[in-house]
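Reminder, nothing fancy here: chain letters follow the sequence lines and each chain counts from 1. These numbers come from a predicted model, not from an experiment.
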Number of protein chains: 2
Amino acid sequence: MSMRRLDRTFAALADPTRRAILARLAAGEAMVNELAKPFAISAPAITRHLNVLERAALIVRERDGQFRRCRLNPQALQAAREWLDFHARFWSESFDRLDDHLKKPSKPRKPHVDREPKRR
Amino acid sequence: MSMRRLDRTFAALADPTRRAILARLAAGEAMVNELAKPFAISAPAITRHLNVLERAALIVRERDGQFRRCRLNPQALQAAREWLDFHARFWSESFDRLDDHLKKPSKPRKPHVDREPKRR
DNA sequence: TACTCATTTAACTTGTATGTTAATTGTTTA
DNA sequence: TAAACAATTAACATACAAGTTAAATGAGTA
């Protein structure tokens, strides 16, 4: 799995407009102008969001006469899901180990640091 | 769940350096200089990545003497996981419906007549 | 053909992300 | 106390993200 592909997937998901577009497409295919309706941004801005989603392989576009039909590519979420699922589990295990360690320290740690990190 | 929080989480995950830092931290706590070792970027750049991760609540930092100890916050992945899991399932259902639609046009179905696959 | 509609591209503006080096803060140690 | 070390902040450069308006492209229709 390519790092860049994950980069693109996560970056595409980091925008609320794009997540909303994906949520709409989950209910079924749609044309660009329908996807644009809920948003107060220009048509070119929508086109750019769709470009980002397409480059991330999250959607597919095809011409349909005068229109352009958009639909989801459900496989594209998989890589991101796998990364998250794997790490979520791994993190929990890491924390279980930390718990054990804190409950039964094999040797005394440094004394408690009673200081907050400095805030600016 | 807040949109902005998801924004921050996904944006933080969109960078390979930050994902590598998280992967390292999954193996256990670490000080900043240890986290910085694998990367050919300056210390301030690492600090900025850690700031992004902290603002996304993916990590926690605390001073430990001369050092600063970093560890994961495993809960922070949850919102992103939930979004992805929900949508991944929803997308699949969406595709199942599409399949049904393609396989069962309005006329009574004829079980052994297979339609051609979707055109590209 | 000319007109209209859907969408994209071009050109530009603005804000944010990511990196740098130099200086600063806070802690440990000689 | 002075020097060394860890990490951050300051100040700056550059690249990219995301929005705008105006023009171009491609398809349907009078």
Side-chain angles (χ1 to χ4, degrees), chain A residues 3-22 24-25 29-56 58-71 109-120, chain B residues 3-22 24-25 29-56 58-71:
Chain A
M3 205 109 132
R4 286 204 189 126
R5 183 164 158 207
L6 263 188
D7 288 1
R8 286 197 192 125
T9 304
F10 282 128
L13 295 174
D15 183 282
T17 300
R18 287 195 290 266
R19 286 200 305 277
I21 288 174
L22 293 174
R24 164 61 191 83
L25 285 177
E29 301 179 337
M31 306 306 184
V32 173
N33 63 356
E34 188 185 340
L35 292 176
K37 258 175 215 152
F39 303 105
I41 59 179
S42 63
I46 295 292
T47 292
R48 296 176 80 117
H49 281 303
L50 295 176
N51 286 341
V52 171
L53 291 169
E54 191 174 57
R55 275 197 4 159
L58 288 162
I59 67 166
V60 176
R61 279 184 289 186
E62 65 188 8
R63 194 166 260 295
D64 181 359
Q66 192 176 9
F67 302 86
R68 213 161 162 198
R69 182 181 303 276
C70 305
R71 59 188 158 82
R109 293 184 82 105
K110 275 200 145 203
H112 170 63
V113 176
D114 202 359
R115 178 199 296 270
E116 298 246 340
K118 181 180 171 186
R119 66 190 91 212
R120 50 180 326 278
Chain B
M3 205 112 131
R4 277 191 202 140
R5 185 169 155 200
L6 263 187
D7 289 1
R8 287 201 192 120
T9 305
F10 282 129
L13 294 175
D15 183 282
T17 300
R18 287 194 291 265
R19 286 200 306 278
I21 288 173
L22 293 174
R24 165 62 191 80
L25 285 176
E29 304 179 334
M31 306 308 184
V32 173
N33 63 356
E34 187 185 343
L35 292 177
K37 256 176 217 152
F39 304 104
I41 60 179
S42 64
I46 295 292
T47 292
R48 295 174 81 107
H49 281 302
L50 295 176
N51 287 341
V52 172
L53 291 170
E54 191 175 56
R55 274 195 7 162
L58 288 163
I59 66 165
V60 176
R61 278 183 289 187
E62 64 186 10
R63 192 167 261 295
D64 182 0
Q66 192 175 8
F67 301 86
R68 213 162 163 194
R69 183 182 303 276
C70 305
R71 60 191 159 81

Separation of [N] [atom2] from [X] [atom1] (nearest whole Å):
| X | N | atom1 | atom2 | answer |
| --- | --- | --- | --- | --- |
| B:D15 | C:dT18 | CG | P | 6 Å |
| A:I21 | D:dA18 | CD1 | C1' | 13 Å |
| A:M31 | D:dG28 | CE | P | 12 Å |
| B:N51 | D:dA7 | CG | C1' | 11 Å |
| A:D64 | C:dC5 | CG | P | 19 Å |
| B:R8 | C:dA17 | CZ | P | 10 Å |
| B:E62 | C:dG26 | CD | P | 18 Å |
| B:R61 | C:dT25 | CZ | P | 18 Å |

### Query
Sequence neighbours excluded, which residues qualify as salt bridge (Lys or Arg N to Asp or Glu O under 4.0 Å) partners of A:R61?
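For A:R61, the residues satisfying salt bridge (Lys or Arg N to Asp or Glu O under 4.0 Å) (neighbours in sequence not counted) are A:E54.
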### Message
So, using salt bridge (Lys or Arg N to Asp or Glu O under 4.0 Å) as the criterion, who are the partners of B:R24 when residues are at least two apart?
### Response
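Here the qualifying residues are B:E34.
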How about [X] and [Y]: do any of their side-chain heavy atoms sit closer than 4.5 Å?
| X | Y | answer |
| --- | --- | --- |
| B:R8 | B:L58 | no |
| A:L22 | A:I59 | yes |
| B:M31 | B:R68 | no |

Find every protein N or O atom lying less than 3.5 Å from an N or O atom of nucleotides 2-5 of chain D, and list the pairs.
| unit_1 | atom_1 | unit_2 | atom_2 | d |
| --- | --- | --- | --- | --- |
| D:dC5 | O2 | B:Q66 | NE2 | 2.7 |

If the cut-off is 4.0 Å, is [X] near the phosphate of [N], judged by side-chain N/O to OP1 or OP2?
| X | N | result |
| --- | --- | --- |
| A:S42 | D:dT20 | yes |
| A:R68 | C:dT8 | yes |
| B:H49 | C:dG19 | yes |

### Query
Starting at the 5' end of DNA chain C and moving along, which residue's nearest nucleotide shows up first, B:R18 or A:A43?
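Its nearest nucleotide being more 5', the pick is A:A43.
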#### Entry: A:L50 or B:V52, whichever maps to the more 5' nucleotide of DNA chain C
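Its nearest nucleotide lies further toward 5', so the answer is A:L50.
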#### Entry: Donor-acceptor contact present, side-chain A:R71 to main-chain A:V60, <3.5 Å
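Absent.
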What nucleotide, of [options], holds the atom closest to the side chain of [X]?
| X | options | result |
| --- | --- | --- |
| A:P44 | D:dA18, D:dT20, C:dT18 | D:dT20 |
| A:T47 | D:dA7, D:dT21, C:dT8 | C:dT8 |
| A:A45 | D:dG19, D:dT21, D:dT8 | D:dG19 |
| A:I41 | D:dA27, D:dT20, D:dT8 | D:dT20 |

### Spacing of CD belonging to A:E29 relative to CG belonging to A:L35, to within rounding of 0.5 Å
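One gets 11.0 Å once the value is rounded to the nearest 0.5 Å.
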### Query
Minimum heavy-atom separation for B:L25 to B:C70, with atom names?
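Shortest heavy-atom separation between B:L25 and B:C70 comes out as CD2-O, 3.4 Å.
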Kindly give the atom pairs (protein nitrogen or oxygen, nucleotide nitrogen or oxygen) under 3.5 Å for nucleotides 11-16 of chain D.
none

### Message
Suppose we screen for side chain to side chain contact (heavy atoms under 4.5 Å, CB included). Which residues come up paired with A:F39, at least two apart in sequence or across chains?
### Response
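With neighbours one apart ignored, the set is A:T17, A:A20, A:I21, A:I41, A:I46.
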### Task
If a pair satisfies side chain to side chain donor-acceptor pair (under 3.5 Å) and one of its residues is in residues 37-49 of chain B, list it, with sequence neighbours excluded.
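Counting only pairs at least two positions apart or across chains, the side chain to side chain donor-acceptor pair (under 3.5 Å) contacts touching residues 37-49 of chain B are B:R18-B:H49.
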